[in-house]
Amino acid sequence: MCGIVGYIGMRDAAPIILNGLKRLEYRGYDSAGIAIYQDGKIEMRRDVGKLSALEQLVREQPVSGRLGIGHTRWATHGEPSARNAHPHIGMTGNVVVVHNGIVENYLELRDMLQSEGAEFASETDTETIVHLIERYLAAGLSIEDASREAFQLLRGAQAIVTFSINEPDRLVACRIGNAGGVAIGVGEDEMFIASDIPAILEHTRRMVFLESRTVAVVTSEGYEVKTLGGAPVILEEHTIPWDPISAAKGSYKHFMQKEIFEQPRALTDTIRGRVDFEHQWVSLPEMNLSPDIVRRISRIHIVACGTSYYSGLIGKTLIERIARIPVEVSIGSEFRYADPLIDDTMAVLAITQSGETVDTLAAMEEARDKGALLWSIVNAIGSQAMRIADGYIAMQAGPEIGVASTKAFTTSIVDQYLLACCLSQFRNGGDSEMVKKAASDLARMPDLIGGVLDHDEEYHALASRLYSFSNFLYLGRGINYPIALEGALKLKEISYIHAEGYPAGEMKHGPIALIDRHMPVLAIATRDGVYDKMLSQIEQAKTRGGIVVALATEGDSQIADKVDHAIYVPEVPELLSPVVNVLPLQLLAYHIAVIRGADVDQPRNLAKSVTVE
């Protein structure tokens, strides 16, 4: 989950790396550091805490050079501290390393290296890598060959970048397994390396992405990729369509706020080119679907983690209702340990914003080993989940920097809606009236959610009334039960308030015991097939003295008399209601967190892409 940036070229590396790390701080902010080749030696600056501490250190102790690497850390081994911060340098001072992932056999390697005289200066597993490279450099190998020899001894998933003063005209980068991406940015007489696209997007849109068990040697003039064993590898170059400006906050106070308000644009981009509104037809060419493929699918299994898992729960309803294909949904980290019943008549759909979530990737590998057709819905172009899938849907959300996912959630719901329509077309010969209506309903969505966002002041006012409570209960039913889960998740992860999402019909089976005037109950009670049931649950909560907030449909005068606070959303077709209903919950969580003084974009202990188990 750490952030990595590397640069080699004719410009000063330090500001380029520091600026890139700013764009990756969502991946880790326990500590940060840079290493620059300056005047024949490696100069390092490292500090604990957020990147601002490192920036201040560099201002006090300037460093400059045309080759360097940097890192922002999410701690796994060793407490957050300056000595545990990356980069890590060898005993000779000749080689330096940054790393994302976990060296699973680091204790074994550490014992071996210490027996050979290596002295460790940190508590990290990463330091074993730099000592291993030094070991092979001492035997007379080049930095490329020494690195490949060292990397082959590592167990676990890794992303590594290193350089040596012995050959200061090159960087060496490696990816092993699913410890996050390694992107190589192609410039003019300069090259870039990063663990995620936004870090280098302002410099180049031309990128290649390392596959697992490959090593790249990068010079200012280009790159060469080989397997760990030394066989040449040719990688496809991608042109990234994102606008660099879209990764900046602009006039917004936080990235999360910006990304919430980008959702009308994100949904427009998600729909554009995929829905023919005139002929009411959906097209997803990157999915590589055909009638024969679709008709042999007996069921679909969705795998995802966190917010994407809740999106998958909604996708289950969408696909089953529209395409009439049975769907199961599993948490990615549980999937492969459950010995799932997967075969070649099934499709496994992975949903992941980053495309690098290690548990989701592991679930995809498990599914492939069992013969399933592999699909993915991803936001990061060129990510591992996109590359290994038989077919994919790009979310078109644009860069999502805030750790708490917002626009990737809503776009992934719409992507599954489109997939359901596409599957139905192939199964039913394109004559489904439901698909025609579904395509028509999509046309109104960007305007509808834009209208919801226009009421932001109302959500702020409600947040001002609720921010002091310590516990919340979110209730939903049917397709909006996952929205209760997602609303509770947003509140807990950015405001640190305990919140629980629950199926409303289960309230009497336990949670009702908690309800009193100290615990607000937020009920998703828009007009749908379970509206009357939700009114009953609201009345029961009020009877127990609960403070009830209802998310209701505009024009519903009946509900206002039953609750303490009501927030309204426009009437929307039921299958698309989650996209609209989640917006007030995102903004409510955002405003509560801001009022409480929490760091909205970088909540404690969390990182954007979970690339270690």
Side-chain angles (χ1 to χ4, degrees), residues 252-271 307-308 310-311 313-314 318 353 395-398 400 402 404-417 441-442 444-463 466 472 474-476 479-495 499 501 522-528 549-556 565-594 600:
Y252 293 97
K253 186 175 180 181
H254 300 98
F255 278 113
M256 182 179 178
Q257 181 189 30
K258 172 178 180 282
E259 288 155 9
I260 291 172
F261 279 87
E262 285 179 336
Q263 287 175 104
R265 189 273 309 155
L267 290 188
T268 299
D269 289 348
T270 297
I271 298 166
T307 287
S308 293
Y310 300 151
S311 172
L313 293 176
I314 296 167
L318 298 176
Q353 190 280 143
M395 291 179 191
Q396 304 297 335
E400 190 179 66
S405 182
T406 52
K407 60 180 179 175
F409 177 71
T410 51
T411 53
S412 66
I413 293 172
V414 173
D415 285 330
Q416 291 173 93
Y417 188 90
D441 289 341
L442 273 175
R444 301 170 51 223
M445 291 306 296
D447 285 341
L448 286 171
I449 66 172
V452 174
L453 296 174
D454 287 340
H455 294 273
D456 187 36
E457 291 184 4
E458 296 176 21
Y459 314 138
H460 182 271
L462 181 59
L466 300 177
F472 280 70
Y474 286 66
L475 299 176
I479 198 169
N480 280 298
Y481 162 51
I483 296 302
L485 294 171
E486 174 63 9
L489 176 62
K490 284 293 153 287
L491 186 65
K492 73 181 82 172
E493 67 183 342
I494 64 170
S495 73
L522 199 152
I524 302 168
T526 50
R527 286 195 179 277
D528 57 20
V549 179
L551 183 68
T553 302
E554 289 174 354
D556 184 353
H565 309 285
I567 47 180
Y568 294 95
V569 294
E571 187 170 357
V572 182
E574 183 176 353
L575 293 184
L576 286 169
S577 64
V579 178
V580 168
N581 293 346
V582 76
L583 302 179
L585 307 189
Q586 292 174 346
L587 282 166
L588 183 63
Y590 168 78
H591 288 303
I592 288 175
V594 171
V600 175

Could you check Val600 against Lys253 for side chain to side chain contact (heavy atoms under 4.5 Å, CB included), going step by step and ending with a plain yes or no?
CA-CA 10 Å; Val600 175; Lys253 186 175 180 181; over 6 Å; no

Could you please spell out the steps behind the side chain to side chain contact (heavy atoms under 4.5 Å, CB included) verdict for Leu485 and Leu313?
CA-CA 10 Å; Leu485 294 171; Leu313 293 176; 3.9 Å; yes

Given the rule in the side chain to side chain contact (heavy atoms under 4.5 Å, CB included) test, do Arg527 and Glu571 qualify, once you have shown the distances and angles that lead to the verdict?
CA-CA 8 Å; Arg527 286 195 179 277; Glu571 187 170 357; 5.6 Å; no

Does the side chain to side chain contact (heavy atoms under 4.5 Å, CB included) test come out yes or no for Leu587 and Phe261, once each step is laid out?
CA-CA 10 Å; Leu587 282 166; Phe261 279 87; 3.8 Å; yes

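Atom CG in Leu442 sits 10.5 Å away from atom CG in Leu575 (nearest 0.5 Å). Of the inter-residue distances, the one linking Tyr417 atom OH with Ile271 atom CD1 reads 9.5 Å to the nearest 0.5 angstrom. Interatomic distance, His455 NE2 to Tyr568 OH, rounded to the nearest 0.5 Å: 12.0 Å.
Checking each of Leu448, Thr526, Asp447 against Pro570 for a side chain to side chain contact (heavy atoms under 4.5 Å, CB included) leaves exactly one that passes, namely Leu448.
A donor and an acceptor atom, one from each side chain of Thr411 and Gln396, are nowhere located under 3.5 Å apart. Side-chain contact of Gln263 with Thr410: a donor-acceptor pair under 3.5 Å is present, judged by distance alone. Side-chain N/O atoms of Glu486 and Thr307 include a donor and acceptor closer than 3.5 Å.
The two residues Gly501 and Ala488 come nearest to each other via the heavy atoms N-CB, 3.5 Å. Contact detail for Ala463 and Ile592: the closest heavy-atom pair is CB-CG1, 3.6 Å. Considering every non-hydrogen atom in both Val569 and Pro584, the closest pair reads CG1-CG, 3.7 Å.
Not counting sequence neighbours, the partners of Asp269 by the salt bridge (Lys or Arg N to Asp or Glu O under 4.0 Å) test are Arg265, Arg272.
For the pair Asp456/His591, a side-chain contact is recorded, criterion being any heavy-atom separation below 4.5 Å from C-beta on. Side-chain atoms of Ile260 and Gln257, non-hydrogen and from C-beta on, never get closer than 4.5 Å to each other. Contact annotation: the side chain of Leu551 never approaches that of Tyr474 to less than 4.5 Å [non-hydrogen atoms, C-beta and beyond]. Two residues are said to be in side-chain contact when any heavy atoms from C-beta on lie closer than 4.5 Å; Tyr459 and Ile567 meet this criterion. For the pair Tyr590/Thr406, no side-chain contact is recorded, criterion being any heavy-atom separation below 4.5 Å from C-beta on. Inter-residue side-chain proximity for Pro573 and Arg444 is flagged as met; some heavy-atom pair is nearer than 4.5 Å. Taking 4.5 Å as the limit, every side-chain heavy atom of Ile494 sits out of range of all side-chain heavy atoms of Lys490. Looking at Met445 and Val579, their side chains come closer than 4.5 Å, going by heavy atoms from C-beta outward.
For Gln353 (side chain) and Ala408 (main-chain N/O), no donor-acceptor pair under 3.5 Å exists by modelled atom type. With hydrogens and angles disregarded, a donor-acceptor distance shorter than 3.5 Å links the side chain of Gln416 to the backbone of Ser311. Listed for the Lys492 side chain is a donor-acceptor partner under 3.5 Å among the backbone atoms of Ala499.
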